[in-house]
Amino acid sequence: MQIDRNLQQIQQQINQACIRANRSISDVHIVAVTKAVSIKRTEEALQSGLNHLGENRPEGLINKQEAIKSPAIWHYIGSLQTRKVKQVIHTIQFLHSLDRLSLADEIQKRAEHTIDCFVQVNVSEEEAKHGIDLKDVQSFIESLHEHNRIRIIGLMTMAPNTSNEEVIRSVFKGLKDMQIKIANKQYPHAPCTELSMGMSNDYEIAIEEGATYVRIGTALVGDESEDLT
Ligand SMILES: *Cc1c(COP(=O)(O)O)cnc(C)c1O
């Protein structure tokens with residue numbers, strides 16, 4: 001796996017999407033999603049200069065953190081069970097999947113530092129998707145103003161699994177509109193300046209629509225999940 005080469009190509013695509021959207025490339029961060037690859041390949045990713053790593057299961061996160069000694073910035077990107085909070089909350093800098101009050105309460109209880117969180121939003125309102133409905137985002141964020149261990153730095157969504165670019169784009173636009181609306185409220189606990197959106201198949205559209213964190217797995221580090229189990 002040539003992570004260096006994948007990264008170069010992805011950076012080029014990101015660069016061009018930024019030019020099309022008249023954005024600065026320094027505002028776009030790549031989170032390398034290592035959930036489906038080995039420790040060895042995760043170390044390769046770090047050597048390629050990727051220092052933001054994303055995992056979606058407590059076990060995967062902890063295994064990698066124990067094995068990997070070089071410094072990394074850890075993002076938890078998957079749905080998080082309340083009872084697993086105490087295992088992971090001390091080891092992450094970013095949580096992309098804050099989607100309910102009971103999870104926020106548990107983080108408030110267990111965290112020893114402020115966690116930068118994205119509220120996960122179900123923009124497309126697919127039944128199977130996690131996340132808060134768009135219409136409930138503002139009241140959810142308002143309800144967190146006393147949770148001083150949580151800083152709402154932005155919103156996160158997953159686009160529907162479709163090849164229809166316009167559908168994907170409208171989901172990203174919907175998230176961006178909500179992000180601006182919340183940011184304009186200037187809540188001290190919720191600066192809400194960031195947008196976590198875009199994966200291997202749709203990160204260019206996401207960047208055109210304002211993504212500041214793209215979460216890229218397969219296109220960057222591949223998928224070894226068949227071999228790992
Ligand atoms: C797996 C996953 C990704 C990365 O998906 P790819 O299609 O492999 O890039 C991004 N975000 C979340 C929440 C994921 O679970």
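Whatever order the structure lists ligands and atoms in, that order sets their numbers, starting from 1.
Atom NZ of residue K84 and atom CZ of residue R57 lie 8.5 Å apart, to the nearest 0.5 angstrom. With rounding to the nearest 0.5 angstrom, the CD atom of Q8 is 10.0 Å from the OG atom of S48.
The number of heavy-atom neighbours closer than 6.0 Å to NE2 of H145, taken from other residues, nucleotides and ligands shown, is 12 or below. A 6.0 Å sphere centred on NE2 of H189 holds more than 12 heavy atoms belonging to other residues, nucleotides or ligands.
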Which pairs would a plain distance check flag for residues 181-188, meaning a side-chain donor or acceptor within less than 3.5 Å of a matching protein atom at least two apart in sequence or in another chain?
from : atom 1 : to   : atom 2 : distance (Å)
N184 : ND2    : I180 : O      : 3.4
Y187 : OH     : Q138 : NE2    : 3.3
Y187 : OH     : E142 : OE2    : 2.6

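The existence of a salt bridge linking E209 and K176 is excluded, since no basic side-chain nitrogen approaches an acidic carboxylate oxygen closer than 4.0 Å.
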Distances under 3.5 Å, N/O of ligand 1 against N/O of the protein: list each pair and its distance.
from     : atom 1 : to   : atom 2 : distance (Å)
ligand 1 : 8 (O)  : T218 : N      : 2.9
ligand 1 : 8 (O)  : T218 : OG1    : 2.5
ligand 1 : 9 (O)  : S200 : N      : 3.0
ligand 1 : 9 (O)  : S200 : OG     : 2.5
ligand 1 : 9 (O)  : G217 : N      : 2.8
ligand 1 : 11 (N) : R215 : NE     : 2.8
ligand 1 : 15 (O) : K35  : NZ     : 2.8

